[in-house]
Protein chains: 2
Amino acid sequence: MSRTGKTTLADIATKTGYGTNTVSLALRGSTRISQEARDIIAKAAADLDYVPNNSAKSLVLKKSHTVGMLVEYLTNPQPTAVATELQREMSERGYGVLFATSSTPEQETAAIEMFRRHGVDGLLIYPVDHTSIEHLRKLRARNFPVVMLVGMRDTGLDAVGVDEFQASYDATTHLIALGHTKIGALGPLVDKPLKIDGFRHAHRVHGLPLDERQIVEPVGFSMGAGYDGMRELVAREFGLTALFASSDMYGLGAMRWAKDNGVSVPEQLSIVGYDNIEFGEFSHTSLTSVRNDGATLAKAAVERLMQLIDCDAKLPAPTLNLLPGELIIRESSARPGARSWVNTDQAQANRAQISAKK
Amino acid sequence: MSRTGKTTLADIATKTGYGTNTVSLALRGSTRISQEARDIIAKAAADLDYVPNNSAKSLVLKKSHTVGMLVEYLTNPQPTAVATELQREMSERGYGVLFATSSTPEQETAAIEMFRRHGVDGLLIYPVDHTSIEHLRKLRARNFPVVMLVGMRDTGLDAVGVDEFQASYDATTHLIALGHTKIGALGPLVDKPLKIDGFRHAHRVHGLPLDERQIVEPVGFSMGAGYDGMRELVAREFGLTALFASSDMYGLGAMRWAKDNGVSVPEQLSIVGYDNIEFGEFSHTSLTSVRNDGATLAKAAVERLMQLIDCDAKLPAPTLNLLPGELIIRESSARPGARSWVNTDQAQANRAQISAKK
DNA sequence: TTGTAAGCGTTATCAG
DNA sequence: CTGATAACGCTTACAA
């Protein structure tokens, strides 16, 4: 045993009397080694509690059997579930997953740097800014496998993800079909524009005018941000009767705002969320939302990454795998109610309060 | 450049005309190398986009600068937030985090095996079964650093975590102090007994009789499981007016059950959760819950792990770091209301339905 | 201040 | 079927 207390091939070799490479071969089940020798060696390995040294293996094979997984945050249960699935899938294939979160481009760069140091064989990434991915393209150009977990077109990268644009279009269309004409939206504008783009597209297609005031970008990613965003939307007084929230977290935050301000959902305010998290399903008023199949997404992403990793030659042309999102209609969305609430005393008082804070 | 396309020390050496070890030393900022040489070498490294090979380094240093992080699942936002913090803390110290989830002891064993293969320097673990941790003790006995993320006494392991027993005692005491005498509980009994133990302890201390029927172990970890557990508790007909849920997810599931069955919270049913997740805070009826400071927990756990890793000699005696939980009282808990609901028509109908299903 | 040589644990090549 | 030997990229004596 070496001084670190770890058993090595050499230990097994001396114990069994075979050479180290015979041991190596035997442990990997090579038929070039006699069955007898394989048995003896396997037993010795078990006795000595042998665990292969992945570093040594990586060094010679130039493969670490490790991939990096980089997500923006684990606050949102949906991507978190995907992350869990990704790890499971990689694990089944004998890969370890180094993980990191990054909420700024700088952190993202630092994490990727860390991954490279650790010699990961590939990268699964949900980038902070979906619109600036030049650094990822550069990695790919150097033949480094990268799979982006966003269903975005024309990235020059391998991408697997839900068709956010289409799903958001569908969600908005659902509200329009119900008869809503003044729909507010809560979601990112610059970093991750797909959902709001889909929201806009639905207005265009259905000939509904859209004012920029109808869109608010919440500050941060949390229910509190959704709560504040809702307050801001209402303060803009365009008479909204429905909300498209780019995430259930925003939607649920907005729902609590409604409760605090005497606005009933869905009678006076319809809300459609995105991600279909369990918290929305079991909310006091269950939340209409866009379901995406995280398990399928994870499986597809991992499969693509493995293809890229197992490709010895130059990487093939990037592939886009767009998965469908499914709108699940629940209690929070309905036809616009008769009762208007934008001019109730409660709402008036509330707006006064907002103005006072500014 | 080696054929994998990665720059090595040797590449920098040939480019600059220095020897490889001079380069190695220079890159690590050794003063044994002239300032001039260091500058030249640093520039060359940057030009060639040099990234150190961690495998090679690990091999010679016998340190992978990687730790394993094993959690049961990332469904619950609270431990998930802790996991994120743990990664951040380790990252700041230059460590990579290999992560895995395990929901069965077998998966746990497999994950630990995987970690060992990858030569992790230590392990942060939230074990599946808090009562059978012999395998972790064995690791420690072999001088392998393990920090358990559970505030449990007498484990023979290093442990950092919230004092779940005390916090659960406090939460239950809060309900008792409000005047509740028939309190149901939703939580794990065997695997993770601390919270229910605290619940029991509160009954003992305050001289309140407790029937085993008052405790239900939900099947699985989800809001749905809490919902079903609540239904089961009510079906047992001991006249409960309050619920202690070992997790906000259970508590929120139970709250939705109450809504579906015309039981108002807190007038007819008080609910206290655990974990203080944002979903509880922004719930229609905000949830009284036990707050634990995930950031502090993560910091303390990482600090302890680093101590163990940096200790060349035999590992010091295990340490227990119990952090306090703080009860945050919100809308979901109140004095028992005048209106009884256990015998309302609604409840009767509901119970009939439950019986029919069996 | 810098270079040389050995070794970390594994796999691959090539003999025997 | 099995055993030397070299190599992977890096660090650490030890020499120069």
Side-chain angles (χ1 to χ4, degrees), chain A residues 1-41 44-45 48-66 94 116-119 121 312, chain B residues 1-42 44-45 48-66 94 116-121 312:
Chain A
M1 227 194 268
S2 72
R3 54 202 151 71
T4 50
K6 277 176 193 150
T7 306
T8 69
L9 287 185
D11 298 326
I12 303 178
T14 53
K15 172 159 181 178
T16 57
Y18 289 101
T20 74
N21 71 37
T22 303
V23 173
S24 173
L25 252 12
L27 252 23
R28 282 177 291 158
S30 166
T31 48
R32 287 171 41 192
I33 307 297
S34 69
Q35 186 59 53
E36 189 204 348
R38 263 145 65 190
D39 290 343
I40 295 174
I41 289 169
L48 294 171
D49 189 33
Y50 171 71
V51 177
N53 181 325
N54 195 60
S55 292
K57 210 165 165 169
S58 302
L59 195 54
V60 47
L61 293 182
K62 297 180 174 320
K63 268 203 71 180
S64 65
H65 287 272
T66 304
R116 289 185 63 199
R117 255 201 328 271
H118 281 268
D121 298 331
D312 328 272
Chain B
M1 227 194 270
S2 72
R3 54 199 151 74
T4 50
K6 279 177 190 146
T7 306
T8 70
L9 285 186
D11 298 326
I12 303 178
T14 54
K15 172 159 181 178
T16 57
Y18 288 103
T20 74
N21 70 32
T22 304
V23 174
S24 172
L25 252 13
L27 252 23
R28 283 176 292 158
S30 165
T31 48
R32 286 172 42 192
I33 308 297
S34 68
Q35 185 60 53
E36 189 202 349
R38 263 147 62 192
D39 289 343
I40 295 175
I41 289 169
L48 294 171
D49 189 33
Y50 172 71
V51 177
N53 181 324
N54 193 61
S55 293
K57 213 164 162 168
S58 302
L59 197 53
V60 45
L61 258 29
K62 298 186 173 317
K63 267 202 70 179
S64 66
H65 286 272
T66 304
R116 289 185 64 199
R117 257 200 326 270
H118 281 268
V120 297
D121 299 331
D312 330 271

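A, B, ... follow the sequence lines: proteins, then strands. Residue 1 opens every chain.
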Does [X] have a side-chain nitrogen or oxygen under 4.0 Å from the phosphate oxygens OP1 or OP2 of [N]?
X	N	answer
A:Lys62	D:dG9	yes
B:Ser34	C:dT2	yes
B:Tyr50	D:dC10	yes
A:Arg28	C:dA12	yes
B:Arg32	D:dT12	no
B:Ser24	D:dC10	no

Take the protein atom [atom1] of [X] and the nucleotide atom [atom2] of [N], then report the distance between them rounded to whole Å.
X	N	atom1	atom2	result
A:Asn54	D:dG9	CG	P	16 Å
B:Leu59	C:dA6	CG	P	18 Å
B:Lys6	D:dA7	NZ	P	21 Å
B:Lys57	C:dC8	NZ	C1'	15 Å
A:Leu61	D:dA6	CG	P	20 Å
B:Lys63	D:dT11	NZ	P	14 Å
A:Leu9	D:dG3	CG	C1'	14 Å
B:Leu25	D:dC14	CG	C1'	13 Å

Would you find a donor on one side and an acceptor on the other, under 3.5 Å apart, between the side chain of A:Ser58 and the backbone of B:Ser55?
no
Return yes if some donor-acceptor pair links the side-chain N/O of A:Ser64 with the main-chain N/O of A:Gly119 below 3.5 Å, else return no.
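Answer holds: yes.
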Taking side chain as C-beta onward, heavy atoms only, is B:Tyr18 less than 4.5 Å from B:Ile12?
no
May I ask you to say what A:Gly119 touches in the nucleic acid, namely base, sugar-phosphate or nothing, with a heavy-atom cut-off under 4.0 Å?
nothing
Just to verify, which of A:Thr22, A:Leu27, A:Thr31, A:Val23 counts as forming a side chain to side chain contact (heavy atoms under 4.5 Å, CB included) with A:Arg38?
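Per the side chain to side chain contact (heavy atoms under 4.5 Å, CB included) rule, the option paired with A:Arg38 is A:Thr31, out of A:Thr22, A:Leu27, A:Thr31, A:Val23.
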Candidates B:Ile33, B:Ile40, B:Asp39 - the one meeting side chain to side chain contact (heavy atoms under 4.5 Å, CB included) with B:Glu36:
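Among B:Ile33, B:Ile40, B:Asp39, the one that satisfies the side chain to side chain contact (heavy atoms under 4.5 Å, CB included) with B:Glu36 is B:Ile40.
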5' priority, DNA chain C, between B:Glu36 and B:Thr20 [closest heavy atom]
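The residue mapped nearer the 5' terminus is B:Glu36.
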Return whichever of B:Arg38 or A:Pro52 has its heavy-atom-nearest nucleotide of DNA chain C closer to the 5' end.
B:Arg38
More 5' along DNA chain D: A:Ile33 or B:Asn53, using each one's nearest nucleotide?
A:Ile33
